[in-house]
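Working notes, beginning with the structure itself.
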Amino acid sequence: MNPPSVSDAEVRAIDQGLAHWVLARTGSAALADAACAASSAEGRGHACAVLDDAQGGFDAGTLASLRAHPWVGDGHAFTPFVLDAAQRFYLWRNWQHETRLAAAIRQRCAQRTLPLDAATLAADLDALFAGMPPGPADGQRAAVAAAPGARLFVLTGGPGTGKTTTAVRMLLMLLRHARACGLPAQPSIALAAPTGKAAQRLAQAIAKGKAELQASLPGSAFHALVPHIPHADARTLHRLLGYQPRDNTFGRGPRQPLAEDIVLVDEASMVDLAMMRQLLEALRPEAVLILLGDPGQLASVDAGSVLADIVAAAPRRQLPPALADLLAPLLQTPPETTGDDAPLAGQVLTLTHSWRAGSGLQRGVDALRDAPDPAWLAQLLAARADGDLHLRRCADVAALRTCVDGWIERHAELLQSLLSAPMDAGEALQRLRRLQILCALRDGPYGAQGVNELFARRLAARLDVASERPWYHGRPVIVTRNDYARGLFNGDVGIALEGADGLRVWFEQSDRDGNAGLRSHSPRALPAHDSAWAITIHRSQGSEYRDVAVLLPPDADNRILTRELVYTAISRAKEHAEIWSTDDSLRAALARPIRRQGGLRERLLG
């Protein structure tokens with residue numbers, strides 16, 4: 001029943017069940033195989049399956065018979081499956097998600113106006129970027145100047161490029177010129193992110209950005225507008241859209257749109273096709289959507305790679321002539337122009353200047369952003385180090401134990417202070433964020449679970465602490481299920497500390513004003529959780545640590561190994577990163593970029 005293009009390991013029971021169901025009701029083995037391929041592809045994050053000879057099993061005759069089948073259509077009317085001209089075979093729902101999302105994005109792009117003149121923009125940019133060098137800040141200035149008049153604006157960039165602080169300035173610009181931008185005089189703003197943890201981090205980042213700008217804008221017309229940017233109520237996209245888990249529906253949509261005038265979504269790379277379509281259709285036509293994210297990071301768990309497709313469909317560093325002419329006097333480097341027929345031109349800007357100090361680590365992150373530099377990789381493999389980025393050979397469990405022991409030894413003073421010394425909870429959490437082991441896998445000896453068990457044993461042996469007990473002073477934990485009643489979210493990291501009230505687990509939780517505060521919980525009251533000496537790379541998205549160790553499985557054929565996985569992990573580090581891997585696994589990962597099957601990119605191009 002499996003089509004030749006899909007291995008047995010990739011076919012799940014649900015894929016086989018769909019295929020058997022289709023075969024029983026239609027008698028078509030070809031359609032059953034195609035349905036199995038589409039379902040299996042969806043499980044691997046693809047929007048569709050590509051049925052051609054390159055994929056195997058679907059020659060011209062088979063494709064012709066599929067197109068003639070009454071269950072297969074071209075998308076103009078409902079059929080269970082859709083086969084388009086590029087041999088992309090969709091389940092109906094994914095076809096709807098992709099085509100409606102593309103139409104909604106293109107419609108918003110077509111609504112762009114240029115409501116402000118160059119003189120007004122110049123004065124406002126000078127106020128918003130006072131004290132910042134014009135050359136390095138050109139990307140940020142261009143984004144803030146291009147936002148007014150857009151109904152969809154996408155701001156991307158790697159770590160340290162200033163996406164959030166730029167977004168705060170963009171919001172201030174929209175607030176100051178709301179009427180000219182077709183918004184109410186005092187537009188309402190919603191902040192959202194794909195996960196509870198990401199929403200909490202967004203709230204904290206916006207609060208920090210507001211505080212920094214408030215201090216630098218005295219006497220400016222923007223100063224009084226800073227308090228109008230909310231930060232205490234950043235929500236998950238599910239909560240923003242009124243998701244009802246009992247019947248798997250959303251309260252917000254075309255018939256009951258969102259009331260907010262401006263919606264800003266962070267970590268957009270994690271948003272899948274279905275959720276992005278729901279968000280776009282829930283917006284009023286005049287509302288503004290701002291997406292922030294890094295397309296080089298891991299894509300969404302569910303089907304689609306929406307942010308990467310949007311960025312790929314936009315001309316890089318090119319703007320429509322009218323917008324380029326408007327921005328040229330405001331920037332040190334004149335922007336390039338492109339034709340007016342590029343729908344996303346001027347809707348997507350990428351920040352490239354990193355405000356972090358140059359280092360081997362930053363060179364590694366830069367090399368990974370688009371494609372690994374062969375010279376950089378060869379140097380790393382030969383020398384095992386490049387400044388603040390190191391490669392440590394880890395080919396088996398014994399080598400992994402050596403890597404863990406070395407990590408403990410290099411950070412013994414910090415670990416000892418966490419595990420033995422009485423310490424303020426805030427200081428303990430701050431120190432905890434200096435170190436993190438990130439694993440590609442969740443289970444097994446090379447997964448987060450196995451590494452946490454190994455780490456606890458090696459701590460007990462090397463630092464003489466009782467770290468093999470279920471609970472001990474200094475144990476870090478990560479929440480794995482949302483608990484809205486306690487304000488704990490999937491991905492929150494806390495630390496267990498002994499105090500006057502016994503052992504309590506402390507977390508950083510924002511108060512109603514978005515300011516970081518501390519709250520403790522009894523271990524018995526926590527939602528589902530794990531130890532957090534090691535966590536998965538997926539769970540680390542959006543977080544930053546001083547030093548990071550990245551563990552890749554030694555099996556170079558493991559399909560989890562991708563360039564985006566390594567980039568996401570290394571870019572979590574601010575100062576130092578080390579990769580625990582074999583040469584073959586690292587090479588395999590960097591040679592395997594994520595290429596999700598789907599047609600969104602082409603549909604956005606027109």
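- The main-chain N or O of I594 is found under 3.5 Å from a side-chain atom of E564 such that the two form a donor-acceptor pair.
- In this structure, E508 and L518 approach most closely via the heavy-atom pair CA-CD2, 4.2 Å.
- Nearest heavy atoms, L237 versus V271: CD1-CG2, 3.8 Å.
- Annotation for R284: atom CZ counts as buried by contact number, over 12 foreign heavy atoms lying within 6.0 Å.
- Rounding to the nearest 0.5 angstrom, the gap separating the CE atom in M170 from the NZ atom in K163 is 12.5 Å.
- Considering all non-hydrogen atoms of both residues, V550 and I570 come closest at CG2-N, 4.4 Å.
- No donor-acceptor distance shorter than 3.5 angstrom exists from the side chain of D530 to the backbone of I478, with no hydrogens or angles considered.
- The two residues W506 and L429 have their closest heavy-atom pair at O-CD2, 3.8 Å.
- The shortest side-chain heavy-atom distance between H538 and L565 falls under the 4.5 Å cut-off.
- Put simply, the side chain of E98 gets close to the backbone of G599: a donor and an acceptor are under 3.5 Å apart.
- The backbone N or O of D261 sits less than 3.5 Å from a side-chain atom of S188, completing a donor-acceptor pair.
- Put simply, NZ on K210 and NE2 on H231 are 4.5 Å apart, with the number rounded to the nearest 0.5 Å.
- Put simply, CD on Q204 and CG on L202 are 9.5 Å apart, with the number rounded to the nearest 0.5 Å.
- Side-chain contact check for R108 versus L283: some heavy-atom pair is nearer than 4.5 Å.
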Is there a side chain to side chain contact (heavy atoms under 4.5 Å, CB included) between W533 and L435? Walk through the geometry before answering. CA-CA 8 Å; W533 295 115; L435 308 175; over 6 Å; no

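- Under the 4.0 Å criterion applied to side-chain N and carboxylate O atoms, D233 and R235 are assigned as salt-bridge partners.
- With hydrogens and angles ignored, the 3.5 Å screen pairs no side-chain donor or acceptor of E544 with any backbone N or O of A573.
- With values rounded to the nearest 0.5 angstrom, R176 atom CZ is found 13.0 Å from H228 atom NE2.
- Side-chain contact between R539 and N490 is present, with heavy atoms from C-beta onward closer than 4.5 Å.
- Judged purely by atom type and a 3.5 angstrom limit, E286 has no side-chain atom pairing as donor or acceptor with the backbone of P184.
- A heavy-atom distance below 4.5 Å is found between the side chains of E267 and Q297.
- A donor and an acceptor atom, one from each side chain of S305 and R596, are nowhere located under 3.5 Å apart.
- Of all the heavy atoms in P187 and L175, the pair that sits closest is CG-CD2, 3.7 Å.
- Formation of a donor-acceptor pair under 3.5 Å by the T350 side chain with backbone atoms of T156 is not found in this model.
- At a threshold of 4.5 Å between non-hydrogen side-chain atoms, the residues D302 and M275 do not count as touching.
- How far CD1 of I206 is from CG of L191: 5.5 Å, rounded to the nearest 0.5 Å.
- To the nearest 0.5 angstrom, L172 atom CG is 4.0 Å from I229 atom CD1.
- Using modelled atom types, one side-chain atom of R112 and one backbone atom of G346 make a donor-acceptor pair closer than 3.5 Å.
- Looking at R151, its side chain never comes within 3.5 Å of a backbone N or O of V288 through a donor-acceptor pair.
- The one candidate from L121, D126, T120 that meets the side-chain contact (heavy atoms from CB on, under 4.5 Å) condition with D124 is T120.
- Between L264 and L292, some side-chain heavy-atom pair lies under the 4.5 Å cut-off.
- Residues F507 and D492 share a closest heavy-atom pair of CE2-O, 4.0 Å.
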Using the rule given for side chain to side chain contact (heavy atoms under 4.5 Å, CB included), can you reason through V265 versus L289, listing the C-alpha separation, both sets of side-chain angles and the distance that settles it, and then say yes or no? CA-CA 8 Å; V265 178; L289 174 63; 4.1 Å; yes

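- Using a 4.5 Å cut-off on side-chain heavy atoms (C-beta onward), T161 and Q140 make no contact.
- A donor-acceptor pair is defined here as one N or O able to donate and one able to accept, closer than 3.5 Å; such a pair exists between the side chain of T236 and the backbone of R239.
- Counting non-hydrogen atoms of other residues, nucleotides and ligands closer than 6.0 Å to CD of E427 gives a total above 12.
- Crowding of Q214 atom CD: a count of heavy atoms from other residues, nucleotides or ligands under 6.0 Å exceeding 12.
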Hey, mind stepping through S269 and D294 against side chain to side chain contact (heavy atoms under 4.5 Å, CB included) and telling me if it holds? CA-CA 6 Å; S269 64; D294 184 350; 5.7 Å; no

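- Considering only heavy atoms from C-beta on, R572 comes within 4.5 Å of S540 through its side chain.
- Y243 and F250 have tilted rings, their planes meeting at an angle from 30° to 60° on a 0 to 90° scale.
- Ion pair R252/E260 not flagged as a salt bridge, since none of the NZ, NE, NH1 or NH2 atoms sits closer than 4.0 Å to an Asp/Glu carboxylate oxygen.
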Go through the steps to decide whether Q436 and S543 satisfy the test side chain to side chain contact (heavy atoms under 4.5 Å, CB included), and finish with yes or no. CA-CA 10 Å; Q436 189 62 67; S543 298; over 6 Å; no

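- T99 and R603 are not linked by any side-chain donor-acceptor pair at a separation below 3.5 angstrom, with hydrogens and angles left out of the test.
- The number of heavy atoms from other shown groups lying within 6.0 Å of CZ (R434) is above 12.
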